[in-house]
Amino acid sequence: MAEEAGIQYDLNDPSLYFNRELTWLEFNRRVLFQASDRRKPLLERVKFMAISGSNLDEFFMKRLGGFKQLVAANVQEPSVDGRTPQQQLDECSADIHRYLREKEQVFDALVEDLAKAGIDIVHYVDLSSEEQKQVRDYFYDNIFPLVTPQSVDPAHPFPFISNLSLNLLVSLRYPGERGESLARVKVPVGAGANRFQQVSEGSRYVPLEEVLEHNLDLLFPGMEILSCELFRVTRNANTSEEEEHADDLMEMIETALHHRKFAPIVRIQVEPDITPLHRGRLAAELGLHAEQDVYISNCMLGLRDLWELYRLEFPELKETPHHPIDHPLLPKGRNIFHIIRDQRAILLQHPYESFSSSVERFLYEAATDPKVRGIKMTLYRTDPGSRIVDYLIRAAKNGKQVAVVVELKASFDEQANIMLASRMEEAGVHVTYGVVGLKTHAKVILVIRQDFKGLRRYVHIGTGNYHPGTARLYADLGLLLYDKDVGRDATELFNYLTTGFTPKRNYSKMLPAPKILKKALLGKIEREITVHNQGQPGLMRMKMNALEDIDVVKALYRASQAGVRVELLVRDSCRVRPGLPGLSDNIRVISIIGRFLEHARVFYFRNGGDEEFLIGSADVMRRNLENRVETLVPVPPGPLCEQVRELLDLQFDDRVSAWELQADGCYLLVNPNARKGQDGCQEKLIKLAEKRQHEVQRLRKRKSRQSGERNLKKR
């Protein structure tokens with residue numbers, strides 16, 4: 001108790017809460033650590049370097065861009081941790097500069113290790129004359145036609161610079177003249193050209209921007225090149241208009257995408273050798289502060305392009321490829337709805353168990369089974385080439401009622417979702433766009449089938465997107481359910497999503513946001529405090545991507561003060577400050593960084609022995625709980641709860657990839673002395689999935705053998 005510790009806490013004290021943005025930057029620092037960890041295969045380290053760079057790009061676009069808007073609007077209201085928008089902007093900037101210095105050291109070491117492994121990133125000037133000719137010839141034939149130089153002078157205003165593009169600022173003049181001119185040349189990465197250009201037949205690569213820089217005579221024949229300086233810009237992604245003022249949601253999103261393309265720039269990245277004059281000119285032309293908004297990088301700009309190196313064919317420099325197993329309870333050759341009806345509930349663990357032979361199969365058979373009458377589904381984010389959309393279209397063409405709730409505002413997937421929605425509508429799918437003012441983030445499929453006893457409802461609830469690509473990279477959970485109550489709840493949820501009408505909607509098991517979920521979570525935390533006693537001490541375990549909602553954080557503090565043990569698996573942002581005597585000394589916060597992105601949301605309450613496990617789509621963030629359509633469902637008691645418990649146990653006991661949050665906001669590796677090759681929780685979960693498959697196959701063989709022996713005896 002706080003009183004027993006002699007400390008009185010005011011739960012409104014800002015010092016009790018970590019800043020969301022700064023804890024996210026700590027998360028990206030943990031990702032960067034993976035790139036420096038020599039226990040990992042080399043190209044896996046390259047992958048993590050690419051991820052850390054991509055993460056930071058998105059942070060500038062989504063978070064710092066938003067703070068700049070708040071500062072411009074003169075918003076002074078502090079966050080729960082006591083910081084104004086300007087203070088958050090300043091502290092994030094200082095932290096990012098520290099991160100950049102760390103990143104440069106990691107990058108340099110990575111380049112050295114790549115060279116030792118035979119993968120050389122070389123400078124153009126270090127190539128032999130023969131190699132330079134070979135690279136120049138290839139450039140002239142295959143890339144040069146894609147390049148469009150643009151001059152900058154009174155007759156040509158500073159050109160539009162696209163988001164995350166690499167650009168050359170070229171200073172040049174006519175021979176014999178003193179006047180200088182400027183030109184901008186966009187490096188055409190991704191437009192049919194790789195960032196890393198192969199030299200000869202070996203594993204030597206030269207950056208495309210250097211190839212372009214040293215062959216500017218092809219673009220500006222006869223001109224004198226005075227300087228060539230590389231820069232990269234990042235634009236604000238927070239451009240959506242208020243939905244309430246839009247007559248048509250799709251039109252509003254398309255407008256927002258156009259605005260994002262031309263959104264204000266929030267960052268310029270440059271190399272150290274840029275002249276102060278040109279640095280200032282860039283900042284002025286792009287509307288930024290020359291000191292605050294221009295970031296000097298001593299290593300490669302645009303680290304996300306390192307994915308090109310990761311994709312090279314060097315299997316010995318990567319993790320052994322992981323191949324998901326087919327779920328042992330979903331054998332081929334039998335109708336999946338009969339299987340689900342017999343099992344009542346099946347827990348799916350991706351990527352350990354295959355997404356294609358479970359969720360995609362569920363949709364495929366729904367589309368082709370003549371007894372299926374209807375399919376309803378939420379679609380937040382998927383692969384534009386996904387078979388999921390093909391199956392939904394096929395179902396509609398087969399005469400089934402198909403209704404899909406498409407979230408048009410899924411960050412950075414808006415354009416793809418607009419195209420998918422249009423394609424489905426043209427095929428006869430009933431497409432709606434959810435409830436005005438709320439993002440639809442829930443992951444639900446409802447299939448209505450004519451069984452021998454009437455209409456029956458089959459439901460899939462997931463923690464991850466219906467995206468076959470990320471299902472191989474993200475660690476998620478799902479439930480295939482034949483449950484009357486959940487089926488009715490799912491029907492209510494879809495009726496809400498397609499109409500927006502909320503009065504008198506009753507849910508038996510499902511906990512949807514924004515109306516019910518937050519109240520239910522807070523109620524379960526209070527219940528844990530109430531039933532806690534010496535004979536049956538309270539215990540809560542929660543696994544999520546982010547923990548930001550202040551009401552939930554306060555409730556967890558109160559639970560800790562009451563003696564309830566609180567164990568949290570939080571991947572990135574976390575406001576909870578553990579380890580404060582008398583307040584949070586019963587709270588432990590762990591973060592797992594491994595080969596798969598931890599993405600599942602799980603909630604466990606001991607509840608005086610009447611245990612409860614729930615899974616779903618919602619993070620414990622205010623936006624998820626109050627401004628999105630989310631849902632949690634209970635895991636049916638019995639073997640499935642034991643599987644979820646096993647997963648949580650492995651992650652909380654991880655001795656390889658777990659980091660623990662300290663009271664000062666730092667994260668420390670739980671076991672910094674882990675051996676190379678030692679299994680973390682994700683490797684153990686791979687083996688557990690294989691073990692479950694083996695055991696089921698062994699039982700099937702035994703039953704088959706026993707059945708054969710009985711048939712022989714009858715003869």
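Worth knowing before you read on, the calculation uses all heavy atoms, side chains too, and leaves out hydrogens, waters and symmetry mates. These numbers were taken from a predicted model, which means no experiment stands behind them.
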Subject >> Heavy-atom donor-acceptor pair, S54 side chain to A50 backbone, under 3.5 Å >> reply: no
**OP:** May I ask you to decide if V31's main-chain N or O and S52's side chain share a donor-acceptor pair within less than 3.5 Å?
**Re:** no
Original post:
Hey, do the aromatic rings of H350 and F596 have their centres closer than 6.0 Å?
Top reply: no
Original post:
How would you list all residue pairs meeting salt bridge (charged side-chain N to carboxylate O under 4.0 Å, His left out) that involve residues 592-601, not counting sequence neighbours?
Top reply: K543-E598, R601-D619
Subject >> side-chain hydrogen bond (donor to acceptor under 3.5 Å, both in side chains) against D305, all qualifying residues, sequence neighbours excluded >> reply: R195
Original post:
Just by distance, do the side chain of T440 and the backbone of E407 share a donor-acceptor pair under 3.5 Å?
Top reply: no
Original post:
Can you name the residues that form a side-chain hydrogen bond (donor to acceptor under 3.5 Å, both in side chains) with E44, not counting sequence neighbours?
Top reply: K47, Y310
Original post:
Who are the salt bridge (Lys or Arg N to Asp or Glu O under 4.0 Å) partners of R394, not counting sequence neighbours?
Top reply: none
Subject >> Note: R692-E353 ion pair, threshold 4.0 Å (strictly below) >> reply: yes
Subject >> Parallel, tilted or perpendicular, as decided by the 30° and 60° cut-offs, for the rings of H322 and Y352 >> reply: perpendicular
Original post:
Which residues pass the side-chain hydrogen bond (donor to acceptor under 3.5 Å, both in side chains) test with S356, sequence neighbours left out?
Top reply: S354
**OP:** Determine the interplanar angle of the W24 and F59 rings, folded into 0 to 90°, and report it as parallel if under 30°, tilted if 30 to 60°, perpendicular if over 60°.
**Re:** parallel
**OP:** For D451, enumerate each residue passing the side-chain hydrogen bond (donor to acceptor under 3.5 Å, both in side chains) test, keeping only those at least two apart in sequence or located in another chain.
**Re:** R341, R449, Y458
**OP:** Identify the heavy atoms of F196 and E308 that sit nearest to each other, and give their distance.
**Re:** N-OE1, 3.1 Å
Subject >> Ion pair D390/R423, N-O distance below 4.0 Å >> reply: yes
